[in-house]
Amino acid sequence: MPESTTIDASELEPPPVDAGLAALPPEAARAALARVLMSEELSSSPQLSNILRFVVEATLEGRRDAIKGYTIAVEALGRDASFDPQADPIVRVEATRLRRALERYYAGAGAQDEIEIVVPRGSYVPQFVPRRAGTREGTEAGERLPVPGAEPADLLEPGEVAPVPAVVAVPVRRGLARGWAGLLLLLLVVASVVALFGVLYPGGWRSAMSDVAFRPIERFNRLGIPMIEVRSFDETGASQPGVTQADASGGASPSADFPARAIEVRVRDALARFDLLDVLSSPDARPSLGCASTANAPHSAFALGGLVEHHEDGAISVLLRLTDLCDGTIVWSREFDGLRPGSDSSAAEVALVREIMAAIAEPYGVIQARARSRVVAAGGTATAGPYGCVLEAYGYWRSYAAPDHERARACLEKAVQNDGTFALGYALLAELYLDELRNGVNPRPGPPSLNRALAAAEQAVELAPTSAYVRRVLMDVHFFRGARGSAIAAGEAALALNPYDVDVLADVGGRLVALGQPERGEALLSSASLSALGMPPWVDFHRVIAAYARGDIPAAAAAADHLMGDGYAPGLLARALASASAGEMAAARADVQKLTEIAPEWASQPDVMVSRFFPDPALAQRVREDLAGAGLRGFKAAAAN
């Protein structure tokens, strides 16, 4: 048995230095920073990029004491010197978003990065964690790698004590021969164990350890919003990647420029632009299937797969299938036939993806309908967390019933109070506040509804600056405030952020018509209608107004026939205008009477309401004349006509 003695660890010959634990050179830290800043998670968010760049550079420059909420707000977010971090939580909110963005990046595109940048909770000072093959190497989560200029005490969290050199028992060396013999024996033992394991577990180490070491990353959305993973699209047929087929004219088949991979990537990108979905980006990430443990769990998870088939004549067919991962059933399947990319394959891809999104990703699409059914089966929206409030809001926009509005508003106000980072909740609240005005439902004393709507919309933009839905809501708020330029700018931003969202196309189109840009507005409305057959009631309102604005009486009457009944004030307004322009004055008077009962401001302030709904002066004058003819009184100029 080897002799042993007790010696101080500091007297030992220093072991080889592990590069992963050595002091991190500044250029390595900056390279890690550059990779994160170029990622999808941060490149689209200037605020998060500015914060991360500031805290990393300040750390590398030895200015860790400067990394405070106030300095981040002033130097990274551009706030003025009067910023009060106690009154304004923007830095805390953005830091939370930054931590989530970093987690998504290192779980996906950054899984192989050698250095992980961590912003620990309770601090804004970044830590640098060494990783190997996508995992943290030799450190517990949150352990920092030293950086130049940092003293050892600086590496300790508050309350930690610097470690004291240990006293350990180590064997005295007896020669290299004994060491080599021991190593050989150890290798023989390991080989025997591996061979025995192979006999007992024919599937091998990966099979046996699949539930431990090789388990995919599980993601759970804390808001309860449905999760979806896009699986690799298969490809078959005459013109697969790497094979060029000749078309009838002797040129290359256009389907060669329309590969399955391109469609798969575009579909995944499009889904990620919708706020009502949580899209997994990494093939190693899987939804957390808590729903699998009980039939009544409120959360939902889906997988979308596809097959792209190329035909000899250059045409393409795309077969898609959506699977509910909670019960393993296929809930939606559709084949898109006869696709011909032509000279502009990108335009064809966009048109195809927009049609797919209309079917599965919109609030009235397959995924939300399925998720809503699961929530109902689990006991109702009260069991579904913040997502339950989202469903309450969209439930109101199907019925336009006052009790539904009040319930959704109260639910969302509580949700954003509990979670100040709930951007979608603020955006939905802004629309519900607007409905107090435009639909005359549940008005409140105190701050005007337009002021509350603006505050909620601006908070949503602050939290989610890259959300198309949030920008669309901001457009609606500015529209009813009479801020023409701001409304158009927000609408353009929404279109750029999500060109696949037919709801955005329709709403921006309708607002442009009312703002005096009928040609472009109607083009957007038509594009939305072609992509989605079943649209919500407010889209029919826009269609009636578009036809009315161009003087197309039959089209206005046909669109008005689709409007819902007596509970939707804008619908009554549009029906009254369509009837009045067609000379059906009895029907117009009946709708005007119901309109003033639902939304009394049409009776008390008709000029103000017309100006809010129809900012274009020429269109507003026509509306005043027709409403006055239908019995609406109180117009300053038009009532006498």
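Glu264 places a side-chain N or O within donor-acceptor distance of the main-chain N or O of Phe233, the cut-off being under 3.5 Å. Put simply, the side chain of Gln368 gets close to the backbone of Leu276: a donor and an acceptor are under 3.5 Å apart. When atom types are taken as modelled, the side chain of Ser333 and the backbone of Leu320 share a donor-acceptor pair closer than 3.5 angstrom. Panel note: side chain Arg511, backbone Phe479; no donor-acceptor pair is recorded below 3.5 Å. Counting only distance, with no hydrogens or angles, the side chain of Glu235 and the backbone of Ala260 share a donor-acceptor pair below 3.5 Å. Remark: side-chain polar atoms of Asp113 are not paired, donor with acceptor, to backbone N or O of Ile115 under 3.5 angstrom.
Of the listed residues (Asp278, Ile356, Val279), just one forms a side-chain contact (heavy atoms from CB on, under 4.5 Å) with Leu271, and that residue is Val279.
Residues satisfying the side chain to side chain donor-acceptor pair (under 3.5 Å) test with Glu362, not counting sequence neighbours, are none. For Asn50, the side chain to side chain donor-acceptor pair (under 3.5 Å) partners at least two apart in sequence or on another chain are Arg53. Taking Thr323 as the reference, Ile330 meet the side chain to side chain contact (heavy atoms under 4.5 Å, CB included) condition, with sequence neighbours excluded. With sequence neighbours excluded, the residues forming a side chain to side chain contact (heavy atoms under 4.5 Å, CB included) with Arg520 are Glu492, Leu495, Leu512, listed by chain and number. Partners of Tyr469 by side chain to side chain donor-acceptor pair (under 3.5 Å), not counting sequence neighbours: none found. Remark: Arg372 pairs with no residue by the side chain to side chain donor-acceptor pair (under 3.5 Å) rule, at least two apart or across chains.
A salt bridge links Arg374 and Asp324; the closest N-O separation between the charged side-chain nitrogens and carboxylate oxygens is under 4.0 Å. Here Arg35 does not pair with Glu114 in a salt bridge; the nearest charged N to carboxylate O distance is not below 4.0 Å. Ionic pairing of Asp269 and Arg266 is not present here: no N-O contact between side-chain nitrogen and carboxylate oxygen is shorter than 4.0 angstrom. Using a cut-off of 4.0 Å between Lys/Arg side-chain N and Asp/Glu carboxylate O, Glu103 and Arg99 are scored as not salt-bridged. The pair Asp327-Arg370 meets the salt-bridge criterion, with a side-chain N (NZ, NE, NH1 or NH2) lying under 4.0 Å from an Asp/Glu carboxylate O. Remark: Arg550 does not engage Glu519 in a salt bridge, criterion side-chain N to carboxylate O under 4.0 Å.
Here the CZ atom belonging to Phe274 is positioned 13.0 Å from the CG atom belonging to Leu424, to the nearest 0.5 angstrom. The distance from the CD1 atom of Ile545 to the NE2 atom of His542 is 9.5 Å, given to the nearest 0.5 Å. The CD1 atom of Ile367 sits 9.0 Å away from the CH2 atom of Trp332 when rounded to the nearest 0.5 Å. If you take OG on Ser300 and CE on Met227, they are separated by 11.5 Å, rounding to the nearest 0.5 Å.
For Tyr394 and Trp397, the ring centers are positioned less than 6.0 Å apart.
Here the side chains of Leu304 and Arg321 are not in contact, with every heavy-atom distance at 4.5 Å or above. No side-chain heavy atom of Val539 sits less than 4.5 Å from a side-chain heavy atom of Val502. For the pair Leu42 and Leu98, the minimum side-chain heavy-atom distance is below 4.5 Å.
Between the side chains of Ser527 and Arg354, a donor-acceptor pair is found at a separation under 3.5 Å. With hydrogens and angles left out, the side-chain atoms of Thr236 and Glu309 include no donor and acceptor closer than 3.5 Å.
Relative to the six-membered ring of Trp538, Arg472 meets both conditions, a distance below 6.0 Å and an angle of at most 45° to the axis.
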Between Tyr396 and Tyr400, is a ring pair (Phe, Tyr, Trp, His ring centres under 6.0 Å) present by the stated rule, with each step listed?
-> CA-CA 5 Å; Tyr396 159 69; Tyr400 285 97; 5.3 Å; yes
